[in-house]
Amino acid sequence: MTLLEVDHLSLDLPVDREPRRIIHDVTLELDDGEAVGLVGESGAGKSMTSRAVIRLLPQNARIGGDIVFDGRSVLAMDRRLLATYRSRDVAMIFQDPKSHINPVRTVGAFLIEALVERGDRRADALAVVSELLDTVGIREIPHRLRQYPHELSGGMLQRVMIAAALAVQPRLLLADEPTTALDVTTQANVMAHLDVQRRNRGLAMLFVTHDLELAASVCDRIAVMYAGCLVEVCAASSIHDRVLHPYTAGLLASRPRVTSRTARLPVIPGRPQAAYELGEGCPFLSRCPYALDICRTTRPELRVVGSSRVACHRAEELSGCLTDGRAADRPGVHA
Ligand SMILES: Nc1ncnc2c1ncn2[C@@H]1O[C@H](COP(=O)(O)OP(=O)(O)OP(=O)(O)O)[C@@H](O)[C@H]1O
Ligand code: SF4
Ligand SMILES: [Mg+2]
């Protein structure tokens with residue numbers, strides 16, 4: 001069953017009082033219990049898309065299209081409905097926990113706040129969060145609950161953030177780069193806890209990350225964003241052998257590999273475009289070695305190709321030569 005529909009979402013933010021396009025016509029669905037990885041380079045619009053889902057956008061943001069959760073328009077919700085939606089249906093894990101946890105309240109007060117506000121007894125709320133802290137790998141829980149955020153390490157705080165998000169038993173988890181601020185070992189650990197908890201509880205998740213392979217390992221589907229546009233949506237299981245967009249192939253090839261003997265990592269040539277810089281043609285035009293005349297004049301729509309959706313005029317032709325993201329000498333990726 002479809003839980004979330006991002007329906008032709010567009011977003012403008014004012015810069016020097018002029019509206020600047022940040023997201024172009026993004027359409028994406030999530031089913032109940034499904035995990036979708038929203039992947040792309042910095043500035044692609046991943047955070048703004050996930051923030052739009054919880055309607056947590058900068059003031060003066062101008063939104064087009066709709067966000068529909070369980071049949072209800074999030075954009076049309078009044079304050080009361082929005083507060084209920086945010087406290088029961090959806091929870092967000094932010095990349096930087098420090099800036100989203102009140103520094104002058106204890107970890108315990110932060111964790112039970114939402115539960116008490118919705119009517120749980122304090123003792124019950126404490127029992128729920130204590131159990132959750134245990135499942136995300138935190139020990140000496142009574143002591144941790146009495147501590148202040150600055151007394152906890154980054155990894156510990158991120159686990160607290162995950163516990164806070166899970167405590168309200170949302171149906172949808174928005175996880176915006178939940179582990180990028182952490183060291184590699186803690187990253188793997190926190191990610192594993194999050195993955196197990198999400199699966200055990202049957203939660204849907206929008207997982208925002210730069211890391212395509214990490215997303216493929218914990219998600220059912222992958223949605224690739226470039227310059228505020230969705231360029232490919234496919235099954236995570238097909239990411240290595242049925243890539244259809246040159247940008248997705250470039251992302252795969254530019255990831256470090258333990259088995260690789262090449263001294264330098266392949267990179268996608270050129271610089272990422274900003275959403276507001278796009279002309280009439282394909283967003284990826286300036287970096288794509290396969291561009292034709294039509295790519296300069298007509299923006300490709302996201303359309304169904306096989307079991308994926310892809311925004312490339314040449315998707316069918318290119319599917320054969322973009323099949324293996326691991327080949328360093330693939331056309332379109334310069335070492
Ligand atoms: N308050 C703002 N006003 C104007 N532009 C903004 C604002 N916040 C973000 N942007 C711009 O919106 C675009 C998309 O930002 P967003 O944070 O969604 O990118 P992202 O894909 O999450 O990148 P990253 O991987 O670095 O987190 C960027 O070009 C960014 O500069
Ligand atoms: S539409 Fe053209 S420019 Fe865009 S990715 Fe496809 S081939 Fe490249
Ligand atoms: Mg971001």
Side-chain angles (χ1 to χ4, degrees), residues 6 9-24 26 37-54 56-63 92-96 99-100 174-181 206-212 214-215 223-232 243-251 268-303 305 308 310-319 321-322 331-333:
V6 177
L9 178 75
S10 66
L11 177 70
D12 293 316
L13 293 176
V15 175
D16 296 334
R17 298 195 182 170
E18 289 295 319
R20 185 171 271 188
R21 183 52 51 104
I22 302 293
I23 294 170
H24 291 272
V26 163
L38 190 57
V39 181
E41 288 165 293
S42 192
K46 307 179 298 294
S47 292
M48 286 297 157
T49 303
S50 50
R51 281 171 170 268
V53 171
I54 197 168
L56 205 64
L57 290 167
Q59 264 194 338
N60 306 326
R62 205 163 65 197
I63 310 179
M92 186 146 183
I93 302 169
F94 296 91
Q95 176 173 355
D96 177 12
S99 55
H100 292 92
L174 304 168
D176 187 357
E177 309 263 13
T179 59
T180 40
L206 188 64
F207 175 53
V208 171
T209 178
H210 294 95
D211 191 334
L212 180 50
L214 174 63
V224 181
M225 253 190 126
Y226 185 79
C229 306
L230 270 190
V231 296
E232 181 160 4
V243 171
L244 293 175
H245 198 285
Y247 178 60
T248 316
L251 282 181
I268 304 172
R271 71 165 177 88
Q273 296 291 111
Y276 71 89
E277 294 176 318
L278 300 188
E280 291 182 336
C282 172
F284 195 53
L285 176 69
S286 65
R287 304 172 83 185
C288 182
Y290 306 107
L292 300 176
D293 284 346
I294 188 177
C295 308
R296 292 175 219 292
T297 56
T298 311
R299 186 172 301 170
E301 303 244 324
L302 198 67
R303 62 196 169 87
V305 178
S308 303
V310 62
C312 173
H313 294 303
R314 305 188 67 189
E316 287 85 351
E317 285 171 73
L318 293 177
S319 64
C321 64
L322 298 178
V333 180

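The figures here come from the full heavy-atom set of this structure, side chains too, leaving out hydrogens, waters and symmetry mates. Keep in mind it's a predicted model, so treat the numbers as computed, not measured. Counting starts at 1 for both ligands and their atoms, in listed order. Count residues from 1 along the sequence.
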Note, the Mg ion (ligand 3) has protein N, O or S atoms under 2.8 Å numbering 1
Q | Full working for side-chain contact (heavy atoms from CB on, under 4.5 Å) between Ile93 and Leu174 | A | CA-CA 6 Å; Ile93 302 169; Leu174 304 168; over 6 Å; no
Other residues, nucleotides and ligands only: do more than 12 of their heavy atoms fall within 6.0 Å of CZ on Arg296? yes
Do side-chain atoms of His313 reach the backbone of Leu292 as a donor and acceptor pair under 3.5 angstrom?
no
Report task. Look at Glu277 together with Arg21 and state whether they make a salt bridge at an N to O cut-off of under 4.0 Å. Result -> no
Rounding to 0.5 Å, atoms OG1 (Thr209) and CG (Asp176) come to a distance of 9.5 Å
OG (Ser308) and CG (Leu244) are apart, to the nearest 0.5 Å, by 5.0 Å
Please tabulate, one line per pair, the protein N or O atoms found under 3.5 Å from any N or O atom of ligand 1, giving the distance to one decimal.
{"from": "ligand 1", "atom 1": "18 (O)", "to": "Ser47", "atom 2": "N", "distance (Å)": "3.3"}
{"from": "ligand 1", "atom 1": "18 (O)", "to": "Met48", "atom 2": "N", "distance (Å)": "2.9"}
{"from": "ligand 1", "atom 1": "19 (O)", "to": "Gly45", "atom 2": "N", "distance (Å)": "3.4"}
{"from": "ligand 1", "atom 1": "21 (O)", "to": "Ala44", "atom 2": "N", "distance (Å)": "3.1"}
{"from": "ligand 1", "atom 1": "21 (O)", "to": "Gly45", "atom 2": "N", "distance (Å)": "2.9"}
{"from": "ligand 1", "atom 1": "21 (O)", "to": "Lys46", "atom 2": "N", "distance (Å)": "3.0"}
{"from": "ligand 1", "atom 1": "21 (O)", "to": "Lys46", "atom 2": "NZ", "distance (Å)": "2.8"}
{"from": "ligand 1", "atom 1": "22 (O)", "to": "Ser47", "atom 2": "N", "distance (Å)": "2.9"}
{"from": "ligand 1", "atom 1": "22 (O)", "to": "Ser47", "atom 2": "OG", "distance (Å)": "2.8"}
{"from": "ligand 1", "atom 1": "23 (O)", "to": "Gly43", "atom 2": "N", "distance (Å)": "2.8"}
{"from": "ligand 1", "atom 1": "25 (O)", "to": "Lys46", "atom 2": "NZ", "distance (Å)": "2.7"}
{"from": "ligand 1", "atom 1": "25 (O)", "to": "His210", "atom 2": "NE2", "distance (Å)": "2.9"}
{"from": "ligand 1", "atom 1": "26 (O)", "to": "Ser42", "atom 2": "OG", "distance (Å)": "2.4"}

So the protein N/O/S atoms within less than 2.8 Å of atom 2 (Fe) of ligand 2 come down to Cys295 SG
Could you walk me through whether Asp211 and Val39 pass the side-chain contact (heavy atoms from CB on, under 4.5 Å) check? CA-CA 7 Å; Asp211 191 334; Val39 181; over 6 Å; no
Quick note, salt bridge (charged side-chain N to carboxylate O under 4.0 Å, His left out) partners involving residues 40-52, not counting sequence neighbours, are Glu41-Arg287
Open item on the list: Could you check whether Glu232 and Thr248, counting side-chain N and O atoms only, form a donor-acceptor pair closer than 3.5 Å?
Closed with: yes
*asked:* Walk me through whether Leu230 and His24 qualify under side-chain contact (heavy atoms from CB on, under 4.5 Å).
replied: CA-CA 8 Å; Leu230 270 190; His24 291 272; over 6 Å; no
Near His245 (heavy-atom distance under 4.0 Å), the atoms of ligand 2 are 5 (S)
Is the charged tip of Arg20 near the ring of Tyr276: under 6.0 Å from the six-membered ring centre and within 45° of its axis?
-> yes
